[in-house]
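Just so it is clear: chains get the letters A, B, ... in the order the sequence lines come, proteins before strands, and each one is counted from 1.
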Protein chains: 2
Amino acid sequence: MTQRNSRSTIREVAREAGVSVTTVSHALSGKGIVAESTRAKVVETARRLRYRPNAVASGLRNNRLGILALVLRPLDTLESFLPEGVDYFLRFAGAASLSALEHGYGLMLLSDPTLPDAPSISLAADGFIITEPVENDPVIDLLQAEGIPLLTVGKDLGRPHYDAWIEPRTAKITRHVLDHLEENGAARVAIAIGTDRNSWNITTEASYREWCSERGQEPIVVTQRETSGTLGGRAIGEEILSMTDRPDAVYCLTGRHAAGMMARLGEAGIASPADILIVAGSDSEQTRNSVPPISAIDLEPEVLARAAIAALVEQLVGIPNRGSEAGTDGRFIIRGSSQR
Amino acid sequence: MTQRNSRSTIREVAREAGVSVTTVSHALSGKGIVAESTRAKVVETARRLRYRPNAVASGLRNNRLGILALVLRPLDTLESFLPEGVDYFLRFAGAASLSALEHGYGLMLLSDPTLPDAPSISLAADGFIITEPVENDPVIDLLQAEGIPLLTVGKDLGRPHYDAWIEPRTAKITRHVLDHLEENGAARVAIAIGTDRNSWNITTEASYREWCSERGQEPIVVTQRETSGTLGGRAIGEEILSMTDRPDAVYCLTGRHAAGMMARLGEAGIASPADILIVAGSDSEQTRNSVPPISAIDLEPEVLARAAIAALVEQLVGIPNRGSEAGTDGRFIIRGSSQR
DNA sequence: CTAATCACCCAAAACGTTTTGGGCAAGACT
DNA sequence: AGTCTTGCCCAAAACGTTTTGGGTGATTAG
């Protein structure tokens, strides 16, 4: 057994400094009233003994461990952290970690804590970030039942009155993309969205329909499971090929779908950008590597992650969150697939 | 203040079931001897009260929190989790998280815990994974002083007798690459390595020199800071251009360097693969996206991460680690830059 | 001169577990 | 008959903090 030798305790510091543990605690935390001379003495002996308060003990006492948890919901439906096509989430996780550290918290990556074999430490986190919850997400039910603060990235549409969320300005982004396609000569714009009932899919569709009705265009909506990857993208291409009145532009939410679709259409002689304009709703390796490279929205997960952590930390110190759209409209990266 | 209402405690379960807390503890953990009838009764009331043991309290008592920490050392020298060029680390982190969860642990991403403002929770982890430690890494000193188990990915070369490490078969990989270059017609092979004194750089250089001496080739070693990115790669190109007896192949450890170098050489009229063969030691977006795409080693961080977590968990249950090369030789992805 | 305030300090309780060191019957051996 | 196991159970201690609720003695106010 690895012996964890001799981490010194507050009691030892107290004995060594000739004061009570109360005084040590006060001296180090700056809470009670303690004479400057004794405070100095305590600080000095603490330093000498290399004393560091035991975070678990103080966590137990304070009911505050100093850990935030991050649950990337869409990954719970994938079979694993795929190396490709998930760079959005990995960037999010990295940025969230750093941001948490800056706020004095550690960040724990978790998968679905409702699973029976979830480590019991899961529920010991001080607060949770849940990205892209599904509608009426059971993870949220669990956390609420346990009284654990949480913040979602992307609204849970089944909880219209729940206010602890943050999300990009999806409606604005959608219009931005659609306008761009129109400006580049598109007359019939279709969208391809995922099947998860999350805010991104649903808000995008709603904005799209609104945009269409303003122009009297008949909406064309194709859906495809987000997990289906480039193969699913090919299926979207298939569906578009079969349409009698084919669209001349597609806004495809996931990058892998966009790449697969473009490949399939290309095989059928429909080239981009000549015959069809394509924009992807999230940037990924596939959109960057396609020929031509596919225009995409970089959702700037770093910005979202920082905002999410900041909001959660605020909630933890007692400032209630009010649902808000984070300071990102995405960065629209215009590449070859949508310009002519 | 968010009120964390009414998580039920073991005491409540005991009262409700009409037994002592000892018995509840034993019944649920399966440790002591308890009559089957009372065990059933306890389990039932625990379920009814939705009792979940408080991980912090049991962590305090057991000196085992159920959290592992991951410190990606090379990122501590970067300014932040860069979105590009660090996909190796992000893949590592993702795979490590999942692997930890499978072993019943949470995984915390940390940066350098020796920093004065590191959250105190940092040292509460049950064990640490340190990737690519620098020589005589102070993080290792700290963890050893605190008696916290750790495992490094890549040896700390300043600690030749320290056995808790794991790493890919760098020597074998190096020879594999060099042989490949030779087979494709290279007569003078150079290497470009980073300046960090970590196992990857140093072992690669040693293997390279050995390989050279076997052939009587004079070694050509260019060094460049890892953090310098594609710009540093251009500097490598510059250096190669200035050589009187120019190499006709370069094995460049980092992907960004390789891409920058190829770009610079191309500008000077030295094309790959016609005039110079190039292989990168780690695959990244830049190697995949260059024209021509650059051959690279995929170090399979997922494999390494799983092995690292497994070894650390073994250490935690008392099986000492013996330094070992993990089951990966890397996956050599041969692209256009190294074939003719 | 007494009472009240103040600055400083501390013992003990509490956080929710796990483990130690028994106690008490009932049955099994001398 | 008494003594030993054995099966089952429990009270209390312990993990290392923070906070509560005083307790001093010295200074100030009445």
Need two values: the first and the last nucleotide of DNA chain C, 5' to 3', having an atom under 4.0 Å from any heavy-atom of chain A. C:dC8 to C:dG16

In residues 30-40 of chain A, what residues come within less than 4.0 Å of DNA chain D, judged by heavy atoms? A:Lys31

Point-to-point distance, once rounded to the nearest 0.5 Å, from CG of A:Asn63 to CG of B:Asn54: 7.5 Å

Output for pair (A:Asp126 CG, A:Leu150 CG), nearest 0.5 Å, gives 13.0 Å

The helix from C:dC1-D:dG30 to C:dT30-D:dA1: angle between end helix axes, five pairs per end, rounded to 10 degrees: 60°

Indicate yes or no for a side-chain donor-acceptor contact from [X] to the backbone of [Y] under 3.5 Å, with no hydrogens or angles considered.
X	Y	result
A:Asn321	A:Ala311	yes
A:Asn198	A:Glu132	no
B:Ser8	B:Leu49	yes
A:Asp156	A:Asp137	yes
A:Gln144	A:Asp141	no

Any pair with a residue in residues 42-55 of chain B that passes salt bridge (charged side-chain N to carboxylate O under 4.0 Å, His left out), sequence neighbours left out, goes on the list, sorted by first then second residue, please. A:Glu146-B:Arg52, B:Glu16-B:Arg48, B:Glu44-B:Arg47

Can you give the donor-acceptor pairs under 3.5 Å from side chains of residues 17-34 of chain A to other protein atoms, not counting sequence neighbours?
residue	atom	partner	partner atom	Å
A:Ser20	OG	A:Thr22	N	3.3
A:Ser20	OG	A:Thr23	N	3.2
A:Ser20	OG	A:Thr23	OG1	3.1
A:Ser29	OG	A:Ser25	O	2.9
A:Ser29	OG	A:Lys31	N	3.3

Of the residues in residues 19-29 of chain A, which ones touch DNA chain C at a heavy-atom distance under 4.0 Å? A:Val19, A:Ser20, A:Thr22, A:Thr23

Could you tell me which non-hydrogen atom of [X] sits nearest to which non-hydrogen atom of [Y], and how far apart they are?
X	Y	value
B:Ala308	B:Ile166	N-CD1, 4.0 Å
B:Ser122	B:Pro113	CB-CB, 4.3 Å
A:Tyr51	A:Pro53	OH-CA, 3.3 Å

